[in-house]
Every structure is written in structure tokens, then in C-alpha cells.
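This report refers to the structure that appears directly beneath it.
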Amino acid sequence: MTTQPLVPTLIDLPRPLPPLTYLAPAGLPAGVRVRVKLRNSAAVGVVLGPDAEEPKAELRPIEGVLDPFPLLPPKLRELLDFAASYYGCGLAHLMAICLPQAVLADWETTLPDGQLMSNLRDAEGWAELAALGETWHRGELSLPSLFHRRSLRGAGLTEVRRTELPHPAKVSAIQARLLLALEEAGGAMLETELLAQAKVSASVLGTLERHGLVERVRRVDLLSQKREDLFHKRVVLNEEQVAAAAGVKLDGFGIHLLYGVTGSGKTEVYLDLAERVLASGRRVLWLVPEIGLTPRLLSRLEARFPGRVAVGHAGLNATEKQADVMRLLQDGAPLFVGVRSAVLAPQRDIGLIIVDEEQESSYKSEEHPRIHARDLAIKRAQIEGCPVLLGSATPSLESWHAAQTGRYKLLRLTQRPAGVNLPTVQVVDLRECYKLQRKKVIFSPMLLKAMGEVLEQGQQSMLLLNRRGFENFWMCRACGETLDCPHCSVSLTYHKGAYRLRCHMCGYETVPPEVCTKCGAEHLRGVGEGTEQIEDQIQALFPKARILRLDRDTTTRKGSLEAGLLAAEHGEVDILVGTQMLAKGHTFPLLTLVGILNADLGLKIADFRAAERTFHLLTQVAGRAGRAELPGRVLLQTYSPDHPAIVHALAQNFEGFAQAELPYRQGMAYPPFVAMSLYRSEGDSPQEALETLQKLKTRLLTVAGLRMLGPLEAPIARTKDRFRMQLILKAVTRGPLGEAMRVAPLTPGGLITLDRDPLNFGV
Ligand code: ADP
Ligand code: ZN
């Protein structure tokens with residue numbers, strides 16, 4: 001019963017393709033999501049508007065309209081437009097971050113005039129619907145039952161998952177229905193939702209569970225890990241905190257940097273401001289680098305603002321994400337806490353944005369679209385007309401410099417809270433150890449002695465090494481050949497537990513050869529220890545100790561990192577071994593010793609931010625030992641005790657580090673003194689990759705104020721059999737970089753990708 005003619009309409013898709021033209025009902029507003037067929041698969045795209053050009057081929061009609069009207073609040077749509085042009089990505093890619101794919105296809109509600117909304121849809125009254133949507137976004141129209149599946153809201157916490165067991169040869173029709181529903185949801189669903197969707201009774205689920213086909217698990221509910229001792233404590237802000245909070249003007253846009261050591265009370269300032277914003281009827285967006293590591297924060301929030309907090313994080317399944325987004329769209333959670341993607345959360349009328357630990361690199365996406373949540377948070381605050389508060393104990397040099405030069409307002413907290421002690425940090429010079437022992441030293445005698453004492457006293461130690469696997473690479477001592485990935489220009493890393501040599505770039509793996517693949521000698525030897533080997537050696541040195549290793553290899557299962565950290569927090573672990581994962585978040589009451597096995601690893605990376613990253617990591621790890629009641633001690637092993645990053649980390653002196661590092665950045669023309677863009681190209685041969693970038697460079701010669709470096713081989717010159725080159729653009733302001741994008745627009749899916757404000761130069 002179509003009443004509207006179908007017209008050629010431009011649809012953006014979350015694929016590496018330019019927008020495509022489909023036939024869609026006339027009057028469908030831009031920003032509405034539609035389902036389309038792309039070759040033979042289904043995709044969700046976003047309407048951009050009518051396509052005025054004469055169609056070149058026969059056009060396909062869209063499969064269906066997903067949204068009654070653009071679901072994103074107008075100010076968020078403005079932010080997306082900005083982000084799309086700034087980062088050079090399509091709207092559909094960004095939209096997929098705002099609204100999970102499966103969200104909200106089955107909307108329905110009764111309109112104020114008593115009419116069902118679906119009548120309008122059936123009559124294709126798109127313009128009328130769009131007008132309704134605008135009224136709704138302005139908060140002038142309440143549509144409390146807009147989305148069918150509201151029952152999800154308080155959904156139970158038991159999740160049903162498919163097990164590894166294969167389907168049995170025979171299942172009953174009702175059992176099949178349940179299994180199918182589960183399969184369609186990606187193998188896991190909340191129990192209440194599953195039963196409702198499959199329309200089966202709990203007994204069917206019970207039977208399948210007894211047969212081992214599904215399992216019921218209590219989802220790790222971060223909000224429920226409450227801590228009696230923390231959550232009802234309401235503090236009176238000290239003078240500094242009062243001054244800091246007063247420094248944030250809530251009635252307009254402004255950028256603030258709250259600088260204070262860990263434990264100086266930054267979170268209490270955030271809470272105070274959030275409370276005032278919520279009381280005024282506006283919303284709060286609160287960004288954290290990694291949600292799994294902040295259970296205490298979540299319980300503090302829930303205690304302070306009961307029932308008003310929603311949490312978005314990567315660990316959520318589709319159903320939970322959907323419930324989340326619905327709460328936001330319906331204003332059911334005025335305070336939204338989330339990771340990077342939350343900066344695009346469909347929240348309206350935001351009165352304050354908080355970016356905690358603003359220096360964290362996890363705010364920057366290393367995949368397309370390569371957004372930076374902190375930078376977008378600032379832009380969002382500007383669009384919303386509200387303040388943004390960046391917080392850190394060790395700010396990024398970008399933010400610090402902006403605060404020094406007055407672009408951001410600097411707010412300081414200088415006091416250490418009572419009962420929290422600065423750990424003593426000692427440096428262990430590995431060169432001296434080498435001289436004495438005449439061999440490479442992994443654990444210095446000083447560290448081993450300290451570990452023994454700590455163990456005897458029933459306390460905990462933590463060993464940090466930023467390299468996973470057992471051995472970094474294998475080499476033949478006879479011919480010097482290293483065992484490299486056949487597809488990438490990196491060495492393979494030996495994983496003893498799995499008995500495999502693995503490529504950390506592409507995932508290629510192979511059984512370790514008995515003899516050298518080049519010369520046939522039996523002199524293969526592993527070089528460069530990783531966390532897996534550290535665990536082995538520590539087990540041999542302290543056979544009675546309970547050891548827990550946490551790195552990317554031991555925490556692939558959802559929730560395993562959190563579970564491990566909780567176990568450690570409860571004193572079930574004597575020695576923690578791990579990568580930088582260990583540096584963040586948790587407080588371990590029994591942790592009194594931190595050993596940094598090789599502080600130099602990060603300094604060796606060819607990246608101008610290597611020192612800054614090392615400084616952040618070292619101070620963060622050192623901070624772990626200072627959070628217990630017991631006095632903490634940090635032993636920092638290094639071959640370069642005079643490096644500024646190490647010297648200042650030892651003294652836990654951020655300002656000293658910034659003072660040493662900023663002139664270097666200025667002298668070398670690196671951020672924060674210039675803006676950068678990184679273009680990467682790929683090709684079947686180095687020549688192809690090079691020529692692609694040379695052509696780009698030629699086109700950019702006309703852009704004023706641009707400095708170009710390259711094209712050069714990328715640090716990892718080949719991955720997955722593709723050769724890689726890069727071209728770096730620098731400019732004193734961002735203008736020329738935007739101009740470059742206009743002069744030489746990249747074709748989506750082409751051989752060149754763009755990374756604006758790149759953080760990672762090591763790959
Ligand atoms: P940060 O966010 O800077 O790490 P927090 O706000 O978490 O610091 O504060 C650290 C600890 O000190 C928390 O337990 C907090 O409740 C407590 N605290 C902060 N400010 C005060 C205050 N003014 N009075 C009493 N306790 C405080
Ligand atoms: Zn590889």
C-alpha cells in the first residue's frame with residue numbers, strides 16, 4: 001500500500017564504499033537507517049538524501065526502513081557530521097557506534113491524537129513522522145512506549161549461552177526454536193529475553209541445559225560489585241576541591257583540565273559537578289578508558305545517583321547494548337558512563353562531559369573510523385554548549401600544553417589524601433647487575449630478595465614486563481637466521497603453553513621447527529623473554545607462591561581479566577605477572593612491591609611519544625604500590641637510568657617531565673606544536689604502495705602551510721603479504737590538513753587510509 005513514489009536516494013553504508021543509490025520512499029529524511037541488500041548480504045545504511053544524478057544502472061529498492069524518524073538528537077547529528085569530515089569517514093560507520101545494528105526495528109506507540117504511529121508508517125507519512133521526531137527530540141512530546149521492547153529495561157541478569165557441544169541429531173521443534181533464537185543473537189542472550197523471543201517455557205531451557213547444549217551464567221554485573229566501605233561514604237570537599245569545582249562554569253562551553261595525583265580527590269570533584277548538573281535537569285556524559293577496571297567507580301556512581309546511571313561498554317552483548325541505548329533515548333539514565341564509543345552515545349541535552357584519565361591511548365580508535373574520544377568530547381561540549389572536564393594525574397602533553405598556554409583552564413589538586421603513601425621508588429641499574437653476574441639479568445638480586453620478604457609477610461608483589469609470549473623471537477645461532485612471519489615483516493613469538501610460534505600482527509602460527517629452516521643446524525634459540533617465561537621462572541624460584549599471569553593471552557575470555565583482578569584484590573594471589581594491563585584501575589590492599597623488569601622496552605620504539613608513554617606507564621605502575629595501607633616499594637630495573645622519562649618517573653614528577661619533553665617536541669616540530677596526519681598505503685609490491693603515495697603527494701603540493709615527510713616504508717613494512725608505505729603531513733594549525741583532505745579526497749576502500757592526529761607510529 002505504498003503511497004509515496006520511490007525515488008533515487010543516496011545511502012551511506014558501513015563498508016569501505018562510497019555512498020550507493022537505492023530506490024527509497026520520497027520524503028524519507030536524512031539520518032534514518034534503512035536495511036538494504038548489498039550484493040547478496042544485508043546491510044544497515046543511513047539515508048543521506050535524494051540523489052539528483054541520472055541513475056547509471058537499474059536501481060534496487062531498499063528492503064525496509066528501520067527508524068520512524070532520525071533517532072539521534074540533532075546536536076549529536078551535528079557532531080557526526082563534524083567527525084565524518086574531520087576523520088574522513090562515512091556517517092554509517094559512526095552511526096553504527098551510536099546505535100547498535102539490531103536496535104529498535106519494531107517501534108510503535110500511540111500518538112497524542114490517539115492514532116497508532118504504525119498507521120503513519122503504513123501510509124508512508126515520512127515528513128509527518130520526521131516532524132514528530134523533531135518535537136520529540138526537543139522534549140516537547142513524550143512517547144513513553146515508543147519502543148516495543150521496553151520490558152527489557154530491568155531484564156534479569158542471567159544469561160544463556162550456547163556451549164561448544166554440537167547440535168544433537170534430533171531436537172524437538174520447540175527446542176529448535178530456542179536454539180535458533182540463541183544462534184541469531186550470536187550465541188548469548190539474557191534469559192528473560194530469550195524465553196520471550198522464542199516463545200518457549202523455562203522447562204525447555206532446563207532440558208537443553210541438562211543435555212549440556214546451553215549453559216546459564218550469571219553475567220558479571222559491574223554495578224553489583226558494591227563495596228560497603230565505599231559506597232555510602234559521602235565526603236565534604238576540601239578547599240582545593242571546592243575551588244576546582246567552582247572553576248567549572250556550568251552555564252556554557254569551556255575546556256578544563258583537572259590535574260591531581262591519583263587519590264587526590266578528582267572523582268569527588270566530578271561527582272559534585274555531576275550532582276549539580278543532574279539537579280538542574282540536564283545530563284552527564286562520563287568517559288572512562290576501560291570500564292572493566294573501574295568497578296569501584298561504578299559502585300560510587302550508583303550509590304550517589306541510584307537508578308539514574310547507565311553503563312556502556314564493549315563487553316555488552318547485543319541485547320544489553322540495545323537496552324542501554326533505549327534507556328538513553330527515553331531519558332531513563334541521565335548519567336551515562338562509558339568507554340571511547342560513549343562519546344557518540346545518543347544522549348540529549350548534555351550539561352557536562354567528563355573525560356577521566358584523558359591521557360589514555362584507548363580513547364583513540366586504532367581502527368576505522370579512527371576517532372579520538374577526548375577530542376570529540378571537546379567538540380561535543382562545544383556543540384552542546386556545556387563544559388568539558390578532562391582529568392588526569394599525568395596529562396597528555398597536548399592537554400598540558402593547552403593548559404599552560406591558557407587554552408584550557410587548569411585546575412589543580414595538590415594534596416595526597418591521608419592514609420595513602422607515596423611508594424619508595426628505587427632504580428636498579430641492569431648494567432651493574434650484568435657486570436657482576438656476567439650474564440643477562442632478568443631478576444636482579446635486589447628484586448628477588450624483596451620478593452622473598454614480601455612473600456614471607458603474606459603480602460603481594462607485581463611484576464611487569466611489556467612483552468607477552470615466552471620468547472620474543474627464535475634465532476639460529478649457526479647462521480643468524482630469525483624465524484619470521486611468512487606474511488609480515490616481523491619475527492614470530494614463541495608461546496610455550498600452546499607450543500606455537502605466532503605472529504602478533506596477523507595471527508599466523510606454526511609448530512616450532514626442530515632445525516633451522518635455512519641452514520638445517522640444530523642451534524635454534526629463543527631470545528628476549530616475555531611474560532609467559534617470567535611466570536615459568538618465578539614459579540621455579542618461588543615454588544609455593546600462588547602466581548597469576550594477566551596479559552592478552554590469558555584474558556581472551558570475556559570477564560577473565562576482571563575475575564583475575566578481583567581474585568588478586570581479595571588476596572588469593574601472591575605474585576601477579578603481566579603486561580601494562582596490570583597498571584590500571586584496581587587497588588590491591590596487600591600489594592607492597594612492584595617490580596618493573598625492563599623499563600626501557602617502550603623507549604626503543606621509533607615513535608616520538610615513546611618517552612611520554614614510558615613515563616605514563618611507569619608512574620601508573622608505581623602508583624599501584626601506593627594505594628595500600630601498607631607502605632609500598634617499587635623497583636625499577638633499567639639499562640638507561642639517566643633517561644628523562646625514567647628519572648622523572650622515579651621522582652613521580654610529571655611537571656618536571658613535561659618541562660624536559662616539551663622543548664624537544666617543539667624543536668623537532670612534533671605535537672602539541674604541530675598537527676599531524678598520517679597517510680598509509682598498501683600494495684602488492686613496495687613499488688605499488690610507494691607510487692600511490694607519491695601521486696597523493698604531488699596533488700598536495702599546492703596546499704600552503706603543509707610539510708610532507710615521505711613517502712617512506714612503514715615501521716612494519718609488510719603485513720598479511722601487503723607492502724606498506726606512509727606519508728606524514730605536518731602543519732602548525734589543523735587548517736592545511738583539512739585542506740589536504742579536500743584537495744585530495746580519498747576513495748573509501750581505496751589503497752590509502754588516513755589517520756588524523758595519529759597516536760601510533762610503531763606499526
Ligand atoms: P582520584 O579520583 O583523584 O583518584 P578520589 O576522588 O577517588 O581520587 O579520592 C580518593 C579517595 O579519597 C576516595 O576514597 C575518596 O572518597 C577520598 N576523598 C576524596 N576527597 C575527600 C575529602 N574531601 N574528604 C575525605 N575523603 C576524600
Ligand atoms: Zn604475520
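These numbers were taken from a predicted model, which means no experiment stands behind them. Remember, it's 1-based here, ligands and their atoms both numbered in the order they're listed.
The pair R300-E268 counts as a salt bridge, with a side-chain nitrogen and a carboxylate oxygen less than 4.0 angstrom apart.
Between the side chains of Q659 and E655, no donor N or O sits under 3.5 Å from an acceptor N or O. For the 3.5 Å distance criterion, the side chains of E357 and Q359 qualify, holding a donor opposite an acceptor. Side-chain contact of Q620 with E360: a donor-acceptor pair under 3.5 Å is present, judged by distance alone.
A distance of 6.5 Å separates CG of L759 from OG of S361, quoted to the nearest 0.5 Å.
Each of the following atoms of ligand 1 lies closer than 4.0 Å to a heavy atom of G265: 1 (P), 3 (O), 5 (P), 6 (O), 8 (O), 9 (O), 19 (C). In the vicinity of V261, heavy-atom distances shorter than 4.0 Å reach the ligand 1 atoms 3 (O). Of all atoms in ligand 1, listed by their number and element, those nearer than 4.0 Å to a heavy atom of N238 are 23 (N). Residue-ligand proximity, V236 to ligand 1, at heavy-atom distances under 4.0 Å covers atoms 22 (C), 23 (N), 24 (N).
Distances shorter than 4.0 angstrom occur between a heavy atom of S264 and an atom of ligand 1.
Around the Zn ion (ligand 2), the angle linking C488 (SG) with C506 (SG) is 110°, rounded to 10 degrees.
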Report the C-alpha distance between E384 and R283 in whole Å, list the side-chain angles of each, state the deciding distance to 0.1 Å, and finish with yes or no for salt bridge (charged side-chain N to carboxylate O under 4.0 Å, His left out).
CA-CA 11 Å; E384 300 275 351; R283 330 261 173 269; over 6 Å; no
What's the verdict on side-chain contact (heavy atoms from CB on, under 4.5 Å) for V527 and N472, showing C-alpha distance, side-chain angles and the deciding distance?
CA-CA 6 Å; V527 183; N472 198 26; 5.8 Å; no
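Within the 2.8 Å limit, H504 places no N, O or S atom next to the Zn ion (ligand 2).
At a heavy-atom distance under 4.0 Å, no atom of E240 approaches ligand 1. Contacts of T267 with ligand 1, taken as heavy-atom pairs under 4.0 Å, involve both backbone and side chain. With a 4.0 Å cut-off on non-hydrogen atoms, L413 does not touch ligand 1 at all. Residue-level proximity to ligand 1 for L237 is carried by the backbone, the only part with a heavy atom below 4.0 angstrom.
Distance alone, capped at 3.5 Å, places no donor-acceptor pair between the R724 side chain and the A717 backbone.
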